[in-house]
Amino acid sequence: MATAATDLHVDTNTASVLQAALPDGDYRVEAVVRLAVPDDCCKTAVQAGLVVMRDDDNYVKLVEMAHGGLHQVEFAKELSPVPAAYPRYGNTVVGTPGTTTWLRLDVLRVGGDERYTAYSSQDGKTWVGGGTWTHRLGPQARLGLVAMGGAGYRAVFERVAVSRLSR
């Protein structure tokens, strides 16, 4: 996918999101991505990865990101509507990307909530665990792939897989 000068963040919902259905119950999403940007890239946060979303304002995303010479794996959540002065967007980091980065998102349904736990890997074998976001995206949530934040780069998704988790 070519990266685009678009975004999926609060009131900027210009990114194209390639979407597919997700299974009911608990599941795992894995993606192998190469974000081809130079080390001294970018004035904006160029990113590629996956999103589990109900809509443009309610999602969890796990992406490789390049910004101002920094390469990292970002794990973020957006929620709307929210009360006045309540944050809509929050993020954290999960490990360090490699030339190729493996992204994993485990989704467990607990009570009325959904728990999204992020992992990343540079080799697909040794995983770094990240945070867990709780969200309520519901049974209509869809899996999305994004390549956004700045034009002129390539994101190669070598593999995307969804599997059921059993407890």
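We use all heavy atoms of the structure for the numbers below, so side chains are in, but hydrogens, waters and symmetry mates are not. Predicted model, so just to flag it, every value in this text is computed and none were measured.
The other residues sharing a hydrophobic cluster with Val63 are Leu8, Val10, Val17, Val51, Met53, Tyr59, Tyr89, Val146, Met148, where clustering joins ILVMFWY side chains under 4.5 Å apart. Residues near Met65 contribute nothing to a hydrophobic cluster around it, because no ILVMFWY side-chain heavy atom sits closer than 4.5 Å to its side chain.
Residues satisfying the salt bridge (charged side-chain N to carboxylate O under 4.0 Å, His left out) criterion with Asp57, sequence neighbours excluded, are Arg88. Listed by chain and number, the residues in a salt bridge (charged side-chain N to carboxylate O under 4.0 Å, His left out) with Arg54 amount to none (sequence neighbours excluded). Residues forming a salt bridge (charged side-chain N to carboxylate O under 4.0 Å, His left out) with Glu64 (at least two apart in sequence, or on another chain): none. Applying the ring-ring contact (aromatic ring centres under 6.0 Å, His included) rule to His71 yields no partners; only residues at least two apart in sequence or on another chain are considered. Looking at residues two or more places apart in sequence or on another chain, you find no salt bridge (charged side-chain N to carboxylate O under 4.0 Å, His left out) involving Asp123.
A single hydrophobic cluster is not seen to contain both Trp102 and Leu105; linkage of ILVMFWY side chains at heavy-atom distances under 4.5 Å, directly or through other members, places them apart. Follow the hydrophobic side-chain contacts under 4.5 Å out from Val32 and you never reach Leu35; the two are in separate clusters. Val128 and Val93 are members of different hydrophobic clusters when ILVMFWY side chains are connected at heavy-atom separations under 4.5 Å. The cluster map of Ile, Leu, Val, Met, Phe, Trp and Tyr, joined by side-chain heavy atoms under 4.5 Å apart, puts Met1 and Leu143 in the same cluster. Leu108 and Leu62 fall into different hydrophobic clusters, where Ile, Leu, Val, Met, Phe, Trp and Tyr side chains are chained together by heavy-atom contacts under 4.5 Å.
By the 30° and 60° cut-offs, the orientation of the rings of Tyr119 relative to Trp127 is perpendicular.
Residue pairs meeting the salt bridge (Lys or Arg N to Asp or Glu O under 4.0 Å) criterion with at least one member in residues 93-111, sequence neighbours excluded, are Arg28-Asp106, Glu30-Arg104, Arg109-Glu114. Judged as a salt bridge (Lys or Arg N to Asp or Glu O under 4.0 Å), not a single pair has a partner in residues 14-23 (not counting sequence neighbours). Legend: ring-ring contact (aromatic ring centres under 6.0 Å, His included) pairs involving residues 15-42, not counting sequence neighbours: none detected. Pairs of residues two or more places apart, or lying in two chains, that qualify as salt bridge (Lys or Arg N to Asp or Glu O under 4.0 Å) and include a residue from residues 130-156 are Asp113-Arg136.
The closest donor-acceptor contact from the side chain of Ser121 to the backbone of Thr126 lies under 3.5 Å. Judged purely by atom type and a 3.5 angstrom limit, His135 uses its side chain to pair as donor or acceptor with the backbone of Glu78.
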Solution key, residues 37-49 side-chain donor-acceptor pairs under 3.5 Å, sequence neighbours excluded:
from	atom 1	to	atom 2	distance (Å)
Thr44	OG1	Gly149	O	2.4
Gln47	OE1	Lys61	NZ	2.6
Gln47	NE2	Ala45	O	3.2

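Counting non-hydrogen atoms of neighbouring residues, nucleotides and ligands closer than 6.0 angstrom, the CD atom of Gln140 reaches no more than 12 such neighbours.
Distance OG/Ser80 to CG/Asp56: 10.5 Å, rounded to 0.5 Å.
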Original post:
Step by step, would you call Thr101 with Val73 a side chain to side chain contact (heavy atoms under 4.5 Å, CB included)?
Top reply: CA-CA 9 Å; Thr101 303; Val73 177; 4.0 Å; yes

Subject >> side chain to side chain contact (heavy atoms under 4.5 Å, CB included) evaluation trace for Leu103 with Val33 >> reply: CA-CA 8 Å; Leu103 303 172; Val33 64; 4.0 Å; yes

